[in-house]
Amino acid sequence: MRVAIIGAGVIGLSSALCIHEQFHGLVPSLELELYADCFTPHTTSDGAAGLWQPYLSDLGNLQETLWNKETFDHLLRHLHSPAAQEMGLFLLSGYNLFTEPVPDPSWKNIVLGFRNLTPKELELFPGYSYGWFNTALMLEGRSYLPWLTNRLTQRGVKFFHKKVESFQEVGGDGVDVVINCTGMRSRELQPDPELQPGRGQIIKVLAPWVKHFIITHNVKSGIYKSPYIIPGSEFTVLGGIYQHGNWSEENSAQDHKTIWESCCRLLPALQKAKIVSEWSGLRPSRPQVRLERESIRHGNVQGEVIHNYGHGGFGITIHWGCAMAAARLFGSILQERGKVASSPQPRL
Amino acid sequence: MAAPKVAVVGAGVIGLSTALCVVETCPSCSVTVLSDQFSPNTTSDVAAGMLIPHTYPGTPIHVQKQWFKETFTYLFAISNSAEASEAGIHLVSGWQVFKSAPKEELPFWSDVVLGFRPMSEAELQKFPQYQFGQAFTTMKCDCPQYLLWLEKRLKATGVQMYSRKVSDLWELHSEYDIVVNCAGIGAHQLVGDKKLFPVRGQVLKVYAPWVKNFIRDGDGLTYIYPGIHRVTLGGTREKESWSLSPDPGTAKDIFDRCCSLEPSLQEAQDIKVKVGLRPSRQCVRLQREVLSQGELKLPVVHNYGHGAGGFSVHRGTAKEAAHLVGQCIAALRGSSSGAKL
């Protein structure tokens, strides 16, 4: 049984791994093929800082909150494993800052040690009068994606460097199921007006004295439109750009100025930090994640597509929960086709 | 007396910060720093420089708290400024964990550090061998950056610094009006203080840049302190040991203890072993003394014996020492025949 995954960002790779882990024992003929036109370090996931943190509000989407929690718990379990450092996984504490009191987020009990900031802590951040402190996780794409790729290669998954133009292109010819993890460019495979780019730009600097993430919020402007500083294992990411509907992947001088000035205001010591690189990417934004099955005809063959895209700026945060959900959808396809006797128990 | 000439003996964190406080409180003074060692070869350079106080049995708690608070406030302002990275000062959050209930639920400094609170059940799960814990945010003074920054500030005010081994304070009597003794463990020899004893500390400085939080066993023996470029892993507390040679068996033991607190340290690179002798005493010797030899008098201000807590109280004790220097100057000016000693 052949399964084609399209996309090699965090969503594509983790979906492939999850499906292989759960089903290769049950379906001996299972063969996974992964198609993508770009691989790490050139994917959108590689540009992300890698901090696990959902948006402020889940907008009533409890499903997504659950997937976020599943991801956090899964990663936390791996924290003490020998693989953690290779995965780019480590704990990181930090601050979320506001200019006015806000309700607690849906993820307050998922992260560790969530609490409000004390007045003395707020003195560190003039202009902000309210905030949170918590310990979360970092999962750096530049380590995690190669790690996932290695796990998949070890399992015999085949990789193809190719721009897929249609589901039919991979769907025909004996492939039974296609997993669509194409992020922003899913629109090229199938129209989806709800999927819009949320353009972001970041500056990577050397600032190893920064040991906390600092994320400011402007509740009126919206997510990621306010400066943020996220220290990685080698570089610190400065950001604060979210432009809905902007397709440009070119760095903008104006955005550079916005990020640099606002982050230096937040953390004056950054003025001495050395700039290493700059990057722009398109968050695959959608009112909610598209994670569902679809039957697609090609010729007289009915194929199944599992969509798993539209994770906006929280792909890393939600990826494992979605991969598990995609695997469950895959499991139900197998059941329907009589490939397995009953619902397989997910193997964690 | 024209500009009083003040000699500060010692160029660790205590000597340099005291010299700076003297310059700040007495701008007319001519201050000179004399030391046989400068950064990166001082005891301070071995220390992690974490602002977590050590309790001195012989000093009233309210005094220790005042010293710590002054130091914390001073560094807090620097960490908030553009100079933070040059000064090597940064905030760091983490956990202090205990295998059995700590003697005090709330240490005297709990309201000076930021966000002090008991750890949650979920946080303690990360430390299966531990039953209790405290989470807080404090600061770290990375050496050699901090000492080099202090040196730079001193030079900018015209303070001269000389590499010189002072064997006897009286050597300085003809050149200086007042001597400030910040010789640390060197005071054992320099002023014959038998109450001062070394507590040997061996540490590892490793490259593990993914470690962003500190972890400390409440017994004070095992700790992981992430600095700007390296993580300090500790440690030992060997009373009365004068050996400055790294011990390989000890190094392995420290590494193993720290890995059991933070398993990812197994991947740490470029492990360097360092040893320092904490200049320990029941209480910090922070007092004036007038030495006399016949007709000759030499005012001395002692500021040494900070043991494991030098960084935590350095600014507070430096300010007090500078205040004592001010008193010495007043005494010198006040005494009519007091002429040059």
Side-chain angles (χ1 to χ4, degrees), chain A residues 72-73 76-95 109-126 133-135 138 140 143 206-214 231-235 264 266-274, chain B residues 72-73 76-95 111-128 133 135-137 139-140 142 145 208-215 226-230 259-260 262-268:
Chain A
F72 192 89
D73 292 344
L76 199 61
R77 276 193 294 271
H78 276 78
L79 199 57
H80 283 187
S81 77
Q85 200 259 333
E86 204 195 323
M87 283 166 79
L89 177 65
F90 55 92
L91 285 175
L92 186 67
S93 304
Y95 305 91
N109 293 320
I110 303 175
V111 294
L112 302 175
F114 182 94
R115 63 171 172 83
N116 285 346
L117 292 180
T118 62
K120 214 159 73 150
E121 286 175 305
L122 285 164
E123 280 175 41
L124 283 165
F125 310 110
F133 182 93
N134 64 266
T135 302
M138 277 286 278
E140 293 187 300
S143 299
L206 269 174
W209 63 89
V210 178
K211 306 291 183 192
H212 298 92
F213 62 81
I214 304 171
S233 59
E234 201 178 340
F235 306 114
C264 285
L266 194 51
L267 210 57
L270 281 175
Q271 290 164 46
K272 306 269 169 85
K274 181 166 166 235
Chain B
F72 197 92
T73 304
F76 189 76
I78 299 173
S79 79
N80 234 356
S81 76
E83 297 207 59
S85 63
E86 199 198 329
I89 307 294
H90 60 97
L91 284 175
V92 61
S93 298
W95 307 281
D111 59 347
V112 178
V113 297
L114 303 174
F116 186 98
R117 60 171 173 84
M119 280 166 73
S120 63
E121 280 303 314
E123 287 175 301
L124 276 166
Q125 276 178 24
K126 193 176 126 54
F127 305 100
F136 55 95
T137 300
M139 283 182 291
K140 189 176 189 298
D142 254 48
Q145 284 95 324
W210 61 87
V211 176
K212 307 284 188 192
N213 293 288
F214 73 81
I215 305 170
I228 294 178
H229 299 292
R230 301 189 145 257
C259 285
S260 76
E262 176 54 68
S264 71
L265 283 171
Q266 291 286 353
E267 310 297 322

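Letters A, B, ... are given to chains in the order of the sequence lines, protein chains preceding strands, and every chain is numbered from 1.
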Task: Residue B:Gln125 versus chain A: region with a heavy atom under 4.5 Å - done: neither
Open item on the list: Under 4.5 Å from any heavy atom of chain B, what part of A:Leu267 do you find: side chain, backbone, both or neither?
Closed with: neither
Task: Among the listed options A:Met138, A:His212, A:Glu123, A:Gln271, the residue most often paired with chain B at heavy-atom distances under 4.5 Å - done: A:His212
Open item on the list: If you count heavy-atom pairs within less than 4.5 Å of chain B, which of A:Asn109, A:Leu112, A:Leu124 leads?
Closed with: A:Leu124
Open item on the list: Can you confirm if the aromatic rings of A:Phe133 and B:Phe136 lie within a centre distance of less than 6.0 Å?
Closed with: no
Task: B:Ser93-B:Asn213 side chain donor-acceptor pair, cut-off 3.5 Å - done: no
TODO: Using a cut-off of under 4.5 Å on heavy-atom pairs, state which of B:Gln266, B:Lys212, B:Arg117, B:His90 scores highest against chain A.
DONE: B:Lys212
Task: Under 4.5 Å from a heavy atom of chain B, the part of A:Pro82 involved - done: backbone
Open item on the list: Shorter than 4.5 Å, heavy atoms on both sides: which option in B:Ala84, B:Gly115, B:Ser264 has the most such pairs with chain A?
Closed with: B:Gly115
- [ ] Would you mind listing every side chain to side chain donor-acceptor pair (under 3.5 Å) that reaches into residues 80-90 of chain A, with sequence neighbours excluded?
- [x] A:His80-B:Lys126
Task: Those residues that, when tested against A:Phe213, pass ring-ring contact (aromatic ring centres under 6.0 Å, His included) (two or more places apart) - done: none
TODO: With the side chain counted from C-beta on, respond yes when B:Ile89 and B:Lys140 share a heavy-atom pair under 4.5 Å apart, and no when they do not.
DONE: no
Task: Which of B:Ala77, B:Ala122, B:Pro263 touches chain A most, by non-hydrogen pairs under 4.5 Å - done: B:Pro263
Task: Test side chain to side chain contact (heavy atoms under 4.5 Å, CB included) applied to A:Tyr95 and A:Leu122, A:Asn134, A:Ile214, A:Leu266, the passing residue - done: A:Ile214
